[in-house]
Amino acid sequence: MRRYNRGVTETPQTDETRYNFRDIEERWLPVWRETQPFRSSDPTDERPTKYVLDMFPYPSGDLHMGHAEAYALGDVIARYWVQRGFNVLHPIGWDSFGLPAENAAINRGLDPRGWTEDNIAQQRASMERYACSFDWDRVLATHRPEYYHWNQWLFTRMHEKGLAYRKHSAVNWCPKDQTVLANEQVVAGLCERCDTPVTKKKLNQWYFKITDYADRLLDDLQELEGTWPSKVIAMQRNWIGRSEGADVQFRIEGRDEPIDIYTTRPDTLHGATFMVVAADSDLAAELVQGADADVKQAFDAYVEEVRAASDIDRLATDRPKTGVFLNRYATNPVNGERLPIWASDYVLADYGHGAVMAVPAHDQRDLDFARAMDLPVRVVLDVRDEDGKPVEDPATSGVAATGDGTVINSGDLDGLSKADAISAISADLEDKGLGKSARNYRLRDWLISRQRYWGTPIPIVHCDDCGEVRVPDEQLPIELPPAEGLDLKPKGSSPLGAATEWVNTECPDCGKPAKRDTDTMDTFVDSSWYYLRYLNPQKTDGPFDPEDTKKWAPIDQYVGGVTHAILHLLYSRFFTKALNDMGLVDFNEPFTALLNQGMVQMEGSAMSKSRGNVVRLGEQLDEFGVDSVRLTMVFAGPPEDDIDWADVSPGASAKFLARAWRLARDVTSEPGVDPSTGDAALRASTHKTMHECAELAEGFRFNVVVARTMELVNVTRKAIDSGAGPADPAVREAAEAVAVLLSLVAPYCAEDMWSMLGHENVARGGWLDVDESLLVEDTVTCVVQIKGKVRERLEVPPSIGEDELREMALAAPRVVRALDGAEIRTVIVRAPKVVNIVPA
RNA sequence: GCCCCCGUAGCCCAAUCGGCAGAGGCAGCCGACUUAAAAUCGGUUCAGUGCGGGUUCAAGUCCCGCCGGGGGCACCA
């Protein structure tokens, strides 16, 4: 006897009567390869359209458990809409530029192209086996020139609009990968990829001006409310971090121009006792010019110290405040007071104006600094605690009074509330030309330069005479030079610099010798617009076709992990808005709805080689079959929840599929038989199940869809064995419904059932046309409560009237006995489900 | 420190508008079939919903306060 798996053991019977997932997979995979049931590009297709998109993978070779969950869920959604009669665009591709290929090339001496293409081929085969309902005619891979050609084209459009620019500034630098990183790629001071502490480096780098779109990126989140996870919306709001306040002018003694500071608390202007400028700002460097030698020296030493500190040190919130007095003074515009100017690293050079007014009484950071440097603290807001008592003086307590209160020690403003003081002082400053309302954002511009080989070359030529020149469209794509002969090892400058022949070119404007830009683009550029390229992946005269964009975009349903909640989704939203402004698309948000699937874990923690708890997808598929693994993923719980593989049972899934499969095997009626003569109770179950499952599927509650399918399988089994019998038309109807429901999750099993039932192509089997009359119950159980406790159940017609039901309930013998003659205060009737009697 | 989400049986999870706490599954137990086992089929035990208040005729569901878990942001003025 051959052992199949834990749950299903083969008996010496023929394959026609036993569920055998291996045979079934072997039977149908070649058929699907041939028939391509999910082609979406037929121009004569009249079905309404839907665009369902899974986040594309990095081509890492085989699929793993995480992919298996993500693609199972996206697949259920896509297949559901196909069953509902839509022409569903469900494409897949590869996010194939990036460090792993380059590192593999370095470590194993392989060509990144070959390595990448091999992995893609392997991963594609895995996806086909996994029965993903992709349209294989639309495959794309971002490392191919046919794709990155349009990255370059889009870059030049951005450059034209001033949305791509170069600036010299301190950037995040990973000393291990020897590359700059975007803010988004620095997690808690560590390189997202290799966990190396990130340092700062001053470099001339390319940026996309995403901050121009900060307000729209923030405000438009409103449109996504309800269709995006609230968590992701919150994270994006957080990341953009808009703050509303005022810019206020301070004169500086010995400087012609006044400087602006940004504050959210103009009400506390009278409480400013000093000013702080960012130690690494140009302003600090300027102010220290002309100071005494010892001040200069102290400042230089301090700046050096700050520069050496890693981000991790910087991020430690309990770090003591440090700084240097610059021996310069500012004038407080509201009271003419002389404020000493300090430099410190707790003020950020690239936020606001890199300088703040310090109000130690009402700002914890300023208070910490004041206490460290022995600077004065002046309370200008009377803040009370819960009991109405004034809070302790911050100077002695060390706790800044950040709450609401009444203004004091502020001249004319005294007695105003915090809010009133803010408007009063803002208006006053504006009148005098000393201030204006202002907004600031946590969001910074998107740094896209990478000093690596395996990415899209930036289509700019540097010419001594003409400067930065965009490569004209007809010269695109600028293809990567062959990796052969280039040293790809990270060394702080792009490996492309060594490709002499490639670098040396002529200026597109003046024709003189010039050099190509040697940086490559962040791979997040690739994924910012890939969803549009799927519409015309082979198009050679543009990135996408406006007609097809109108037909398919934006995406109806996006599916992917929450790991991309900020990075990819924010960039993609930015790109879409920029494209909208350029008139290239007519919508403003790329992803109408978003579903985040959870992660697959093992025994309470993420799978990792170091923990030794990795579950291999391939082994699971071999042991339990594709359908069982998919079913297990979907049934485990709500899609957004993490799955612990130790808590679920693919063996049980296999058992259930076998049970479902046997229904089709047992049906003896002919295809096309009229179901209306069949067993009424079973028909009611079938129609009710299909009705409910539609609603459940549209709410992404696929685990419940599976549970309802199990229920239907159970009642159908019962009907075959001890009820209507296998020849009843209602049994056929039920078995066909089960096959259609299962086609969403377990396509091989469903296809085999469908074939046994005498049909072809279950994916297009079609949702049951639900007969509403079958959904109406003959009787419902009405619960009679006395003071909320159930005392009686009555079988009543669903249409029963309130009065009639009240009579019935009050007359029921058990109710009469329970009431025992007690006087009745109220009777609440909610026909036909509940009656609640409240005695006096 | 600020913000978001989640706590229902031994376990994973259900429970439209507030209306019988249980749909489905895992594990367990009992039984049928069998020489026996597997497979299959049938049956069945198990919580009062993290804790404390409140609103209501009625609260898992709504409100307030805690506790526990997960996640995001964090020297952003």
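First the proteins, then the strands, lettered A, B, ... as listed; each starts at 1.
- Phosphate contact (OP1/OP2 of A14(B), side-chain N/O of Asn703(A), threshold under 4.0 Å): present.
- Atom pair Ile824(A):CD1 and C57(B):P shows a separation of 17 Å (rounding to whole Å applied).
- Minimum atom distance to the side chain of Lys718(A) is reached by G43(B), of the listed G43(B), G72(B), A77(B).
- Checking G19(B), A23(B), G25(B) against every side-chain atom of Lys833(A), the shortest atom distance belongs to G19(B).
- Counting any heavy atom pair closer than 4.0 Å across all strands shown, Ser344(A) reaches no nucleic acid atom.
- If you find the closest nucleotide of RNA chain B to Arg825(A) and to Asp363(A), the one lying nearer the 5' end belongs to Arg825(A).
- The same atom, P, is picked in G60(B) and in U40(B); the two are 38 Å apart, to the nearest Å.
- Nucleic acid contact class of Asn714(A) (heavy atoms, under 4.0 Å, all strands): sugar-phosphate only.
- Among the protein residues, Thr263(A) comes within range of the sugar-phosphate backbone only, with heavy atoms under 4.0 Å from sugar or phosphate atoms but none that close to a base.
- Heavy atoms from other residues, nucleotides or ligands lying under 6.0 Å from NZ of Lys688(A) number 12 at most.
- Tyr351(A) has a side-chain polar atom (N or O) that falls below the 4.0 Å cut-off from OP1 or OP2 of A77(B).
- Side-chain proximity of Asp641(A) to the nucleotides A77(B), U40(B), C13(B) is greatest for C13(B).
- The separation of G48(B) from U61(B), taken at their C1' atoms, amounts to 14 Å, rounded to a whole angstrom.
- At whole-Å resolution of the value, CD1 in Ile566(A) and C1' in C4(B) are 12 Å apart.
- Of the listed nucleotides (C73(B), C26(B), A23(B)), A23(B) has the atom at the smallest distance from the side chain of Ala707(A).
- Out of C13(B), C4(B), C75(B), the shortest distance to the side chain of Ser230(A) is found at C4(B).
- Straight-line distance from the CZ atom of Arg242(A) to the P atom of C2(B): 23 Å, rounded to whole Å.
- Comparing the P positions of G42(B) and C26(B) gives a spacing of 12 Å, expressed to the nearest Å.
- Counting atom types as modelled, Asp647(A) pairs no side-chain N or O with a base atom of C12(B) as donor and acceptor under 3.5 Å.
- Note on Arg237(A): every side-chain N or O is 4.0 Å or more away from OP1 and OP2 of G72(B).
- Considering only side-chain N and O atoms, Ser243(A) lies under 4.0 angstrom from the phosphate OP1 or OP2 of A77(B).
- The residue among Asn836(A) and Arg659(A) whose nearest nucleotide of RNA chain B lies closer to the 5′ end is Arg659(A).
- Applying the 90° cutoff around 0 to the glycosidic angle, C4(B) is assigned anti.
- For the C1' atoms, the distance linking A14(B) with G25(B) amounts to 11 Å, nearest Å.
- C64(B) and G24(B) are spaced 36 Å apart, taking the P atom of each and rounding to whole Å.
- Among C75(B), G72(B), C41(B), the nucleotide with an atom closest to any side-chain atom of Tyr346(A) is C75(B).
- Per the geometry, CH2 belonging to Trp661(A) stands 13 Å off P belonging to U40(B), to the nearest Å.
- Following rounding to the nearest Å, Leu348(A) (CG) and A74(B) (P) show an atom-to-atom distance of 11 Å.
- Of all nucleotides listed (G19(B), A77(B), A14(B)), A14(B) comes nearest to the side chain of Pro638(A).
- Between Phe369(A) and Phe274(A), the gap from one ring centroid to the other is short of 6.0 Å.
- Comparing atom distances between the Glu711(A) side chain and each of G42(B), G24(B), C26(B) picks out G24(B) as nearest.
- Glycosidic conformation of G48(B) is syn; the angle stays within 90° of 0.
- Within the 4.0 angstrom heavy-atom criterion, no nucleotide atom of any strand lies near Asp644(A).
- For G70(B) and C13(B), the P atoms lie 15 Å apart once the distance is rounded to whole Å.
- Taking atom NZ of residue Lys231(A) and atom C1' of nucleotide G70(B), one finds them 8 Å apart after rounding to whole Å.
- Within 4.0 Å of Val648(A), counting heavy atoms only, lies no atom of the nucleic acid at all.
- At the heavy-atom level, Val356(A) lies under 4.0 Å from base atoms of the strands shown.
- As rounded to whole Å, 10 Å separates atom C1' of A14(B) from atom CZ of Phe635(A).
- With both ends at atom C1', the span from C62(B) to C17(B) equals 12 Å, rounded to whole Å.
- A cation-pi arrangement, defined by a distance under 6.0 Å to the six-membered ring centre and an angle within 45 degrees of its axis, is present between Lys321(A) and Tyr346(A).
- Following rounding to the nearest Å, Ile233(A) (CD1) and C5(B) (P) show an atom-to-atom distance of 11 Å.
- Between the base of G19(B) and the side chain of Gln785(A) there is a donor-acceptor pair shorter than 3.5 Å.
- U49(B) and G7(B): their P atoms are spaced 14 Å apart (whole Å).
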